Amino acid sequence: MEKKFICIVCPMGCELTAETDKQGNLTAVAGNRCKRGESYAEQECKTPMRMLTSTVRIEKALYQRLPVITSASIPKDMIFQVMSEIDRVKIEAPVELRQIIIKNVCGLSADIIASRSMAEVHQ
Amino acid sequence: MNTVELVIIGGGSAGMAAACGAYEAGVRDILILERDKELGGILLQCIHNGFGLHYYKEELSGPEYAERWEKKIEEYGIAYRLDTMVLDITADKVITYTNTVEGYTKVRAKAIVLAMGCRERTRGAIHIPGFRPAGVWTAGTAQRYLNMEGYLVGRRIFILGSGDIGLIMARRMTLEGAEVLGVAEIMPYSNGLPRNIQQCLRDFEIPLYLSHTVTNVFGKDRVSGIEISQVNQKFEPIAGTEKRFDCDTLLLSVGLIPETQLGQNAGVLLSPKTKGALVNDINETETEGIFSCGNVLHVHDVVDFVSEEGLHTGKNAAAYLQNKLMRAEEANVSAGAGIGYVLPQRVRKTLAEAVTFSFRVTDVKKNAELLVKVDGKVVKSVKKRQMIPAEMERITLKAEELNDLQSELVLEIRED
Ligand SMILES: Cc1cc2nc3c(=O)[nH]c(=O)nc-3n(C[C@H](O)[C@H](O)[C@H](O)COP(=O)(O)OP(=O)(O)OC[C@H]3O[C@@H](n4cnc5c(N)ncnc54)[C@H](O)[C@@H]3O)c2cc1C
Ligand code: SF4
């Protein structure tokens, strides 16, 4: 089967055409300008993976939200499940950059970590 | 009135990098003036990842990228004032600013770097018919509300313009439970990065309507719906192609314009193409000792290049302050066929260093050749598989390649 998608590994955004066999394994790929596009295509045909960024509620900080990011990419079809875990969290400042906010989220072997530090603010 | 060697207006990526560049070149008396609550600028609301690929060879989120630079500012002990709004700059470099601690204050600078970033074009700037109900937002404003204040501006969203901010917001609002009905783009191609089309629209099955624009906004108090139409080659709506969407919010992602108000009072001349200052190869404006870098100079899509431009500008502002700057007659740089704009617009002759030129193409170019002509002679040509207006391109010329430059350097595209 032929699949067309854009490589998201770097801003070049190559348009890839991937050939897969009946089991969904990659047999050929075209359009990639570098090697990384090939492994991306392979993964994309098996289990598409994405980094996820969002925010969690924070108190005693300069803002109401703390930006967070997954420590590694997660399966695309798990994004909304992870989002509902993130929605449940409420933390307090101070927070360190890359502090773990949710460990091993949904058992995916990736953590939700703070993508900035936030100092405690006394009102 | 206090005198400061170097005053930097705006503490975003450009301003922080300019401060670091000047510091590393030996200037110690530096002051950054920033109107927001923190240093960092627009990056603080760009919580998605994808920053720093060129500079750090890593993909960072916007806030983390900003934090790295902030740390450097702290480490160098560079002075900055927050919650400080600059109101005026004069040609003799008197800066008027106001904040709650010092009140209305004037300071004299020996050199100034303008790094005020850009602002979003609004609906008024692009003439959509209909009332002006609540529910029409620029994408960046909605982004700040959502990512910093935790406030979702609507539930059923339509987006006009396929710039990266609009695409990023389409995904972001979908993740937060809103329904994004579609994105309309007046051009026949997207204005955002291809990877954002994939990961922000296609991943969530959000339709992109190319060659379409919003032709009506319904609702009196709050948006109740919008209508889009296909456009012809002259960008005029084609009758009979109207489609209606019921939505409560229209996000505008229709472009950015440099925030240049301040510079104009100081006699800084602007380019009609970039809407930012006219500069030479060290990013000095037409007013001596006033420099410009980052989005206030021209709108960038990649922050790494903003940082690089800031460092280069800061280093040269330092040379200016230390009387180490090599002054020479300047040649013109212009945009030839297929090039929308090229920066810098002037370059010093008899330069002993390489110069990096930034440019954008006028429309999508496939398998084209970029030519650099010095006084009519091609000195360099580069084959490019694809160039799109959404991506700023750069080319660096070595000192030798600029040796013979007398009056004009032209960048142009040759298509087969
Ligand atoms: C919404 C958005 C999304 C982006 N996404 C990406 C991306 O995914 N990847 C990437 O690499 N790049 C991205 N970019 C591009 C890049 O991040 C920006 O171009 C860059 O951060 C701009 O830096 P700057 O310092 O020029 O402007 P800004 O960050 O806007 O900084 C300007 C600063 O000046 C201050 N200021 C303005 N006027 C005054 C005044 N009168 N007095 C005092 N202070 C003032 C402002 O408060 C602000 O802090 C994005 C840009 C935007 C706008
Ligand atoms: S194939 Fe390589 S160059 Fe192309 S987008 Fe992927 S990583 Fe970038």
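Being a predicted model, the structure only gives us computed values, none of them experimental. Sequence lines set the chain letters: A, B, ... in the order given, protein chains first and strands last, and positions in each chain run from 1.
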So which of Ser115(A), Pro48(A), Gly13(A) has the largest heavy-atom pair count under 4.5 angstrom toward chain B? Ser115(A)
Region of [X] in contact with chain A, defined by heavy-atom distances below 4.5 Å:
| X | value |
| --- | --- |
| Gln45(B) | neither |
| Glu67(B) | side chain |
| Leu146(B) | backbone |

Are side-chain heavy atoms of [X] and [Y] found at a separation under 4.5 Å?
| X | Y | answer |
| --- | --- | --- |
| Leu53(B) | Cys10(A) | yes |
| Leu62(A) | Met148(B) | no |
| Arg385(B) | Arg33(A) | yes |
| Arg116(A) | Glu38(B) | yes |
| Glu64(B) | Arg98(A) | yes |
| Leu175(B) | Leu52(A) | yes |
| Met83(A) | Glu176(B) | yes |

Could you look at Ser84(A) and say if it's the side chain, the backbone, both or neither that has a heavy atom under 4.5 Å from chain B?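 Interface part for Ser84(A): neither.
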Where the side chain of Gln64(A) meets the backbone of Gly150(B), is there a donor-acceptor pair that is under 3.5 Å apart?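 Between the backbone of Gly150(B) and the side chain of Gln64(A) there is no qualifying donor-acceptor contact (under 3.5 Å).
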Counting distance only, does the side-chain N/O of Gln198(B) pair as donor-acceptor with the main-chain N or O of Phe5(A) below 3.5 Å? no
Sort out for me which of Ile197(B), Asn147(B), Asn196(B), Leu44(B) touches chain A most, counting heavy-atom pairs under 4.5 Å.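 If we count pairs closer than 4.5 Å to chain A, Asn147(B) comes out on top.
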Tell me which of these, His48(B), Arg171(B), Arg195(B), has more heavy-atom pairs under 4.5 Å with chain A than the rest.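 It is Arg195(B).
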